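One structure is given below, represented as structure tokens, and several questions about it will come after.
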Amino acid sequence: MQNFRTIKTEGSHEMDIKKSRFICHLKRTETETAASAFIESIKKEHWKANHNCSAYILGERQEIQRAHDDGEPSGTAGVPMLELLKKRNLNNVTAVVTRYFGGTKLGAGGLIRAYGGAVNDALSEIGIVERQLHQFINVTVSYPMSGKLENQLRQSDYLLQDISYTDQVGFNCVIPIESEELFKQSVTEWTNGQGLFSIGKQAWIEVDAAD
């Protein structure tokens, strides 16, 4: 898996519709076991609620998708929740919407809008990030070459994490995984082929997603 969108943090958001309380709970989950455990924890916490409907989307290509209406009319709760997660292009997220019935029936259309709206409002409240896989790369050059390389790196879109000074100068860079080869080509041009590359670990970096 490379880059994907997910929720910024675990959280919940509540809304009232015709005296019914709809509480959307969101959590990052990477496996069905984790998703099921989260759903069961919400059911246990809100055991007095009329419904605890759920949906989750997992997998490298969003291939695991599940929805459950938990007693609401078929297709009026879990499916609109799942469709909302898909519409916002999210992954590794589980949503549970708890409903405390307020005495007024909403009808099928009203339920679909309510459950989808509860998830949508919660996502807007909690926030969405893009998790981007980055590669740590160290570039070592001689002191005469270091000034030019530093200027080029600072003028570029690449992240220069820090600089180390020993018998040579090391530039520790953090590069989007899909830009690794382009980065190497650029540095090779900037240093006339005199840069020495050392590939380090990979890490996820999260940035706020435009939505």
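Side-chain atoms are counted along with the backbone in the values below, which use heavy atoms only and exclude waters and symmetry mates. Everything quoted here is computed from the prediction, not taken from an experiment.
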>> Please list all pairs meeting ring pair (Phe, Tyr, Trp, His ring centres under 6.0 Å) that have one or both residues in residues 72-92, counting only residues at least two apart or in different chains.
In response: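 Checked against ring pair (Phe, Tyr, Trp, His ring centres under 6.0 Å) - neighbours excluded - no pair reaches residues 72-92.
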
> Would you call Arg99-Asp70 a salt bridge at under 4.0 Å N-O?
Replying inline: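 Not counted as a salt bridge, because no side-chain N and carboxylate O are separated by less than 4.0 Å.
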
>> Can a donor-acceptor pair be found, under 3.5 Å and without considering hydrogens, that links the side chain of Thr76 to the backbone of Pro73?
In response: yes

> Under 3.5 Å, is there a donor-acceptor pair linking the side chains of Asn91 and Thr6?
Replying inline: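 Asn91 vs Thr6: no donor-acceptor pair found between side chains.
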
> Between Glu10 and Arg28, is there a salt bridge with N-O shorter than 4.0 Å?
Replying inline: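 Looking at Arg28 and Glu10, the cut-off is not met.
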
> Which residue pairs pass the ring pair (Phe, Tyr, Trp, His ring centres under 6.0 Å) test with at least one member in residues 101-140, sequence neighbours excluded?
Replying inline: Phe22-Tyr115

> Short question: side chain of Thr29, backbone of Ala35 - any donor-acceptor pair under 3.5 Å?
Replying inline: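 Not confirmed, Thr29 side chain does not pair with Ala35 backbone.
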
>> Between Gln135 (side chain only) and Gly200 (backbone N and O only), is there a donor and an acceptor less than 3.5 Å apart?
In response: yes

>> Centre-to-centre under 6.0 Å for His46 and His25, is that the case here?
In response: yes

> Between Ile177 and Ser179, is any pair of side-chain heavy atoms under 4.5 Å apart?
Replying inline: no

>> Under a 3.5 Å cutoff, is there a donor and acceptor pairing between the side chains of Arg131 and Asn92?
In response: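 The criterion, which ignores hydrogens and geometry beyond distance, is not satisfied for Asn92 and Arg131.
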
> More than 12 foreign heavy atoms under 6.0 Å from CG of Asp16: is that the case here?
Replying inline: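 Buried by this count: over 12 neighbours within 6.0 Å.
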
> Between Asp69 (side chain) and Ala77 (backbone), is there a donor-acceptor pair under 3.5 Å?
Replying inline: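 Checking the backbone N and O of Ala77 against the side chain of Asp69, a donor-acceptor pair under 3.5 Å is found.
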
> Taking NZ, NE, NH1 and NH2 as the nitrogens, is one of them in Glu40 or Lys44 under 4.0 Å from a carboxylate oxygen of the other?
Replying inline: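 Salt bridge absent between Glu40 and Lys44.
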
> Are more than 12 heavy atoms from other residues, nucleotides or ligands located less than 6.0 Å from atom NZ of Lys43?
Replying inline: yes

> In the hydrophobic clustering (ILVMFWY, side-chain contacts below 4.5 Å, transitive), which residues join Val139, or is it alone?
Replying inline: Ile137, Val141, Tyr143, Met145, Leu149, Leu153, Tyr158, Leu160, Ile163, Tyr165, Val169, Phe171, Ile175, Leu182, Phe183, Val187, Trp190, Phe197, Ile199

> Do Lys86 and Ile57 come close enough that some side-chain heavy atom pair is under 4.5 Å?
Replying inline: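 Yes - at least one pair of side-chain heavy atoms lies under 4.5 Å apart.
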
> Any luck finding a side-chain donor-acceptor pair between Ser54 and Asn52 under 3.5 Å?
Replying inline: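 No, no side-chain donor-acceptor contact under 3.5 Å.
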
>> Any carboxylate oxygen within less than 4.0 angstrom of a Lys/Arg side-chain nitrogen, looking at Lys87 and Glu83?
In response: no

>> Could you tell me if the side chain of Tyr56 sits less than 4.5 Å from the side chain of Ile64, heavy atoms only?
In response: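 Result yes, sub-4.5 Å side-chain heavy-atom pair found.
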
